[in-house]
Amino acid sequence: MYNRNFEQAPEHIVTNGKAAFGTYSGVSPIIDIRGMRAPYAGIPLPSLLSRVRIKSTLNYVFSLEDYIGMTEFYDFKAFGLGQLIFWNKQTGVKYVYHTFMANPRRFVPNNTSKARCASYNKNRHIKISWGRNHKHTAFMFRVKGDKARPFAEGFCMAMMNDKNHTDAMFVNPSPASSRCSATWFNSMSIRGKIELNGQSAQDSNGLAAMIINRCYYKFRSRAKFCVGLGTVKGRDIIFHLKTSNMDAANADSYNENILTVDGQQTALPPVYITHPFGKSDTWIIQDTEGMVDLTFSPLSKDDRTINIIAIRRTSTTIYGTFEGTLLTKEGEKLSFKGVRGIMNSSKLRM
């Protein structure tokens, strides 16, 4: 059976122009991939030029009793983009809010000990923060409504001493060893609520995952990822599966796919994510090792295209349910149906 061990996270990801590729339990103090030697075609470009190609993303996926959703932050150096999207689990109604950020202090941070990523726009206040000294991760938002969307505010709080809290870091060639991609995966139990138009709501428990990635991007990149969060036979499961055109050439040894069961981590093999009947129909997520065999049934989706100067990004974010099986590192088979989650497919041209 496929097996990929977790090692202790290094102090520095890049040292003397080389990255410490591997799968790690825990996370380095700083997610910094600058300093790779000749990352593009072996040409020793000035570090200033190669650093411009490093882009960062932060995804925070949450599931409470009544709502499920995702917050995205994209760091393009000169500016940033943010999006909050969530669905009512009972009615399926979708709520989407976007923001543009032009102040460098609002971009995706690389400090894993204490930091925050936020949009301070008075109409789109969205913030994610974490602090290991106070052992917490917090997500909050306050977004103004309009004719199409209600005023909404909410928060999610997670404590790092909870059983579902895990940290994992994946440092992968992208696709070869001259370039690298570093991902911090953080799973957690949360307690929070969402209120619409000032109507009070009770706090509820749920699950969440935060994924931060830094990578030397191509001029044209594409990626698909999914996050599932739910309870199977009284056990909390969270999984993250991703595939992109920047994956390592040796994806069996280097990828960022992971499953947590009550806080116990299992590194999963590379997967294929396809939608043979269209994005609005059933998706198929499978591997070649027999550890991942899932289908994803969309319930609601949001399409978004952004054109800013020379950058074009198209993305589809879908809310739906997973059905199928996953295997843990001990060989335990988890079979489930109706686990809720988010699927995302995106293309970026720079």
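Excluded from the calculations below are hydrogen atoms, water molecules and symmetry mates; all remaining heavy atoms, backbone and side chain alike, are included. Since the structure is predicted, the reported quantities are computational estimates derived from the model, not experimental observations.
The neighbour count for Glu330 CD, taken as heavy atoms of other residues, nucleotides or ligands under 6.0 Å away, is above 12. Within 6.0 Å of OH on Tyr272 lie no more than 12 heavy atoms contributed by other residues, nucleotides or ligands. With a 6.0 Å radius and a threshold of 12 heavy atoms from other residues, nucleotides or ligands, Lys218 has its NZ atom above the threshold. Residue-environment remark: NZ (Lys163) exceeds the threshold of 12 foreign heavy atoms within 6.0 Å. Remark: Arg191 CZ is packed, more than 12 non-hydrogen atoms of other residues, nucleotides or ligands lying under 6.0 Å away. The number of heavy atoms from other shown groups lying within 6.0 Å of CG (Asn16) does not exceed 12.
For the pair Phe62 and Met70, the minimum side-chain heavy-atom distance is 4.5 Å or more. Under the 4.5 Å side-chain criterion, counting only non-hydrogen atoms from C-beta, Ile31 is in contact with Ile13. No side-chain heavy atom of Met169 sits under 4.5 Å from any side-chain heavy atom of Phe185. When side chains are defined from C-beta on, Met1 does not count as touching Glu289, because their heavy atoms never get closer than 4.5 Å. Lys89 is not listed as a side-chain neighbour of Asp66, based on a closest heavy-atom distance of 4.5 Å or more. Arg312 is not listed as a side-chain neighbour of Leu348, based on a closest heavy-atom distance of 4.5 Å or more. Looking at Met160 and Asp162, their side chains never come closer than 4.5 Å, going by heavy atoms from C-beta outward.
Looking at Asp303 and Thr316, their side chains do bring a donor and an acceptor atom within 3.5 Å of each other. No hydrogens or angles considered: a donor-acceptor pair under 3.5 Å links the side chains of Thr317 and Asn344. For the residue pair Asn164 and Asp236, a side-chain donor N or O sits within less than 3.5 Å of a side-chain acceptor on the partner. Side chain to side chain, Thr166 and Ser187 meet the donor-acceptor criterion of an N or O pair below 3.5 Å. No donor-acceptor contact under 3.5 angstrom links the side chains of Ser181 and Ser174, judged on distance only. Side-chain contact, Thr23 with Arg4: a donor N or O sits under 3.5 Å from an acceptor N or O. A side-chain N or O of Asn186 and one of His165 form a donor-acceptor pair less than 3.5 Å apart. For Lys55 and Ser221, the side-chain atoms include no donor-acceptor pair closer than 3.5 Å.
Side chain of Thr295 to backbone of Ile284: no donor-acceptor contact under 3.5 angstrom is found. With Asn245 contributing its side chain and Arg220 its backbone, the two residues share a donor-acceptor pair below 3.5 Å. In terms of modelled atom types and a separation under 3.5 Å, the side chain of Lys193 and the main chain of Ser200 share no donor-acceptor contact. Although no hydrogens or angles enter the test, the distance criterion places a donor-acceptor pair under 3.5 Å between the side chain of Thr112 and the main chain of Pro29. When atom types are taken as modelled, the side chain of Asp287 and the backbone of Val292 share a donor-acceptor pair closer than 3.5 angstrom. Using a distance-only test at 3.5 Å, with no hydrogens or angles considered, a donor-acceptor pair links the side chain of Tyr2 to the main chain of Asp252. With Gln264 contributing its side chain and Thr328 its backbone, the two residues share no donor-acceptor pair below 3.5 Å. Here the side chain of Arg149 pairs a donor or acceptor atom with the backbone of Val96 at under 3.5 angstrom. A side-chain donor-acceptor contact under 3.5 Å links Asp32 to the backbone of Arg34. Between the side chain of Lys347 and the main chain of Arg222, no donor-acceptor pair closer than 3.5 Å is present.
Checked against the 6.0 Å centroid threshold, Phe100 and Phe79 count as a close aromatic pair. Taking the six-membered ring for Trp, Phe155 and Phe139 have ring centres at least 6.0 Å apart.
Of all heavy-atom pairs spanning Leu196 and Pro150, the tightest one is CD2-CG, 4.2 Å. Closest approach of Gly22 to Tyr254, counting heavy atoms only: N-CE2, 3.8 Å. Ala208 and Tyr60 get closest at one heavy-atom pair: CB-OH, 3.7 Å. In terms of heavy-atom proximity, Ala118 sits nearest to Met101 at O-SD, 3.6 Å. For the pair Lys242 and Ala223, the tightest heavy-atom approach, listed with the atom from each and the gap, is CE-CB, 4.2 Å. Between Gly278 and Trp283 the shortest heavy-atom distance is O-NE1, 4.4 Å.
Put simply, Ile190 and Phe86 are part of the same group of oily side chains (I, L, V, M, F, W, Y) that touch within less than 4.5 Å, one to the next. At a threshold of 4.5 Å between side-chain heavy atoms, the hydrophobic network of Ile, Leu, Val, Met, Phe, Trp and Tyr places Leu334 and Leu294 in one connected group.
We find the CG-CE distance between Leu326 and Met291 to be 8.5 Å, quoted to the nearest 0.5 Å. Thr137 OG1 to Arg116 CZ: the interatomic distance, rounded to the nearest 0.5 Å, is 15.0 Å. Atom CD of Glu72 is separated from atom CD1 of Ile342 by 10.0 Å, given to the nearest 0.5 angstrom. Between the CD atom in Gln83 and the OG1 atom in Thr99 there is a gap of 11.0 Å [rounded to 0.5 Å]. Distance SG/Cys226 to CG/Asn257: 8.5 Å, rounded to 0.5 Å.
Because its NZ or CZ atom is both nearer than 6.0 Å to the ring centre of Tyr74 and within 45° of the ring axis, Arg313 counts as a cation-pi partner of that residue.
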Checklist entry - Do Lys224 and Thr274 pass the side-chain contact (heavy atoms from CB on, under 4.5 Å) test, and can you show the C-alpha distance, the side-chain angles, and the key distance before you say yes or no? => result CA-CA 9 Å; Lys224 299 173 185 175; Thr274 59; 5.5 Å; no
Next on the checklist: Run Arg235 and Glu332 through salt bridge (charged side-chain N to carboxylate O under 4.0 Å, His left out) and show every step you take.
Outcome noted: CA-CA 13 Å; Arg235 305 165 72 185; Glu332 180 186 1; 2.4 Å; yes
Item to check | CA sep, side-chain torsions, deciding dist, call: Asp293, Lys333, salt bridge (charged side-chain N to carboxylate O under 4.0 Å, His left out) | outcome: CA-CA 11 Å; Asp293 186 7; Lys333 188 175 184 179; over 6 Å; no
Next on the checklist: Checking Thr321 against Lys337 for the side chain to side chain donor-acceptor pair (under 3.5 Å) test, could you report, in this order, the C-alpha distance in whole Å, the side-chain angles of both residues, the deciding distance, and whether it holds?
Outcome noted: CA-CA 8 Å; Thr321 59; Lys337 182 178 182 180; over 6 Å; no
Next on the checklist: With side chain to side chain donor-acceptor pair (under 3.5 Å) as the criterion, how do Thr183 and Asn213 come out once you've worked through the C-alpha distance, each side chain's angles and the decisive distance to 0.1 Å?
Outcome noted: CA-CA 4 Å; Thr183 300; Asn213 173 262; 2.8 Å; yes
Next on the checklist: What verdict does the side chain to side chain donor-acceptor pair (under 3.5 Å) test give for Ser315 and Ser346, after you've listed the backbone C-alpha separation in whole Å, the side-chain angles of each residue and the deciding distance to 0.1 Å?
Outcome noted: CA-CA 4 Å; Ser315 68; Ser346 65; over 6 Å; no
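Every residue meeting the side chain to side chain contact (heavy atoms under 4.5 Å, CB included) condition with Asp247, not counting sequence neighbours, appears here in chain and number order: Thr243, Ser244.
Ring geometry, Trp130 versus Trp184: the interplanar angle exceeds 60°, so the pair is classed perpendicular (tilted spans 30 to 60°).
Within the structure, the ring-ring contact (aromatic ring centres under 6.0 Å, His included) test picks out the following pairs touching residues 297-350 (sequence neighbours left out): Trp87-Tyr319, Phe239-Phe322, Phe296-Phe322.
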